[in-house]
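Contents: one structure, followed by commentary.
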2 protein chains.
Amino acid sequence: MSLADKPKTDAPARGRPRSEAVERAIIEGVMKLLEDGVPLAELSIERIARTAGVGKAAIYRRWRGKEELFVDVVRAAEPPDEELPGTSMRDDLVALLETLRQRGLVSRSSVILHSVHAQMKSSPRIWEAYNKLVVAPRRRLGIEVLRRGQRNGELRADVDVELLNDLFVGPMLVRAVMRPDADLPDGLSERIVDTLLEGLRPAGSPPVSSPAE
Amino acid sequence: MSLADKPKTDAPARGRPRSEAVERAIIEGVMKLLEDGVPLAELSIERIARTAGVGKAAIYRRWRGKEELFVDVVRAAEPPDEELPGTSMRDDLVALLETLRQRGLVSRSSVILHSVHAQMKSSPRIWEAYNKLVVAPRRRLGIEVLRRGQRNGELRADVDVELLNDLFVGPMLVRAVMRPDADLPDGLSERIVDTLLEGLRPAGSPPVSSPAE
DNA sequence: CCATTACGATACGGACCGGTACCGTAATGT
DNA sequence: ACATTACGGTACCGGTCCGTATCGTAATGG
């Protein structure tokens, strides 16, 4: 909506064109408020307009309401996807977890992460948008990496790929999103991936059922 | 605050005593609103009073504001801790994950889980209370189980216990809290624990001595 | 019986909000 | 030049909210 719709519908562009700077100012204003720790519930159109130095009409001219605006904020704040090294499944997984870790460390991404998740229940539209734009592609990417690993023999093939993905992503996500006090030290991604691959049994411990089959 | 404070300070109990039923009605009212999907941001004292069939004064008489009230709601909604089987570390871990899974399935617990997490950023007091009352004890319990497992040789001892705990808890928590669409099938707890213990490498794969040293 | 406190209800002032409607001005195309 | 549209600013209406106060009534203890 909004950003892409205007030129598409019809554009003889008669009168004064919409200032792209105003567009940015509004979205930046929302970001700034969120980064300053303003609870998302207190984000009113009036306050956003005030912060952005913009008339309320300028907002209503572009978005139907707070939700639509917020969807665009999420879209604008998403950093571009990084490339995977592709050297091995293990390295790809580490790279994927690393972007999650970074996201938890960067204020801008972190605040979006939290806001979206806070809205999740009350406003499915926002969650849906975020899911479609951010979560789903990355999840699909992760699952593809895992599938390739299974084919290459780097990963056991007798476990559901969806579950495997959660096993890798879950620990990082819990720290980055759900525990504000948790730390995200350097090398955490590697430790998670390698520990999971090695397994949690002691070194010499037999695999319970049949040690050497 | 509130529930425990009144009789402690001084209690000649002169006039009409506070109705315990009113107390319950208020907390139940908040729970009902949340369960009905009312966004936590829209919970106003007025609306709570209306729902509970209670005067606003009755609320202000007991709590200083919405936060204090909400802390008590969280406290009241917490189901009692279940016992651990204690037969083995593996079984204890499964039991711990199982309570998490149940929490994601029961509307009442689930809604509290989400609400608290939504509030987390904007209202550290609520998060702190929930953390202290619910998260921390369970986390401590899990870590103790893991430590015991390390001593018994059921779990490798060369990995940080905190990280190990996240490895077990993370996947379940991600599904129960962060992905409203995810399913929490029966046996999920067992699958997580067993898969993690076995490790994610294919059956015959060598342990690679030191993966990245 | 009386002081005291709690109760539901209602009212109040001050604040903010949403959404719309205007200003006077600015920036376009024709 | 002219019509057209966007701009920031301001005002407006109807609504909800907070927090306090004040009703008349109810439930205690002394």
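Note that the structure is a prediction, hence the values are computed from the model and not measured. Values reported hereafter were calculated over all heavy atoms of this structure, with side chains retained and with hydrogens, waters and symmetry mates removed. Convention: sequence-line order gives letters A, B, ...; per-chain numbering from 1.
The side-chain hydrogen bond (donor to acceptor under 3.5 Å, both in side chains) analysis of residues 29-50 of chain A, with sequence neighbours excluded, yields the pairs A/K32-A/D36, A/E35-A/S107, A/E35-A/R108, A/E46-A/K56. Among pairs with a residue in residues 126-137 of chain B, none fulfils side-chain hydrogen bond (donor to acceptor under 3.5 Å, both in side chains), at least two apart in sequence or across chains. Applying the side-chain hydrogen bond (donor to acceptor under 3.5 Å, both in side chains) test to pairs two or more places apart or on separate chains, those with a residue in residues 175-187 of chain B are A/D166-B/R175, A/D166-B/R179, B/R101-B/D186.
Scored by the side-chain contact (heavy atoms from CB on, under 4.5 Å) test, B/I143 finds B/R139, B/R147, B/V161, B/E162, B/N165 as partners (sequence neighbours excluded). B/R151 pairs by the salt bridge (Lys or Arg N to Asp or Glu O under 4.0 Å) definition with nothing, not counting sequence neighbours. In this structure, the salt bridge (Lys or Arg N to Asp or Glu O under 4.0 Å) partners of B/R90, at least two apart in sequence or on a different chain, are B/D194. Applying the salt bridge (Lys or Arg N to Asp or Glu O under 4.0 Å) rule to B/E83 yields no partners; only residues at least two apart in sequence or on another chain are considered.
B/I48 places its CD1 atom 10 Å from the P atom of D/dC17, with the value rounded to the nearest Å.
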What does nucleotides 7-23 of chain C look like as a protein-contact string, B for base, S for sugar-phosphate only, - for none, at under 4.0 angstrom between heavy atoms?
-> BS--B-----SBBB---
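Counting non-hydrogen atoms of neighbouring residues, nucleotides and ligands closer than 6.0 angstrom, the CD atom of A/E144 reaches no more than 12 such neighbours.
Annotation: the terminal axes of the helix from C/dC1-D/dG30 to C/dT30-D/dA1 meet at 10°, where each axis is the rotation carrying the C1' atoms of four end pairs onto the next four (5 pairs per end, rounded to 10°).
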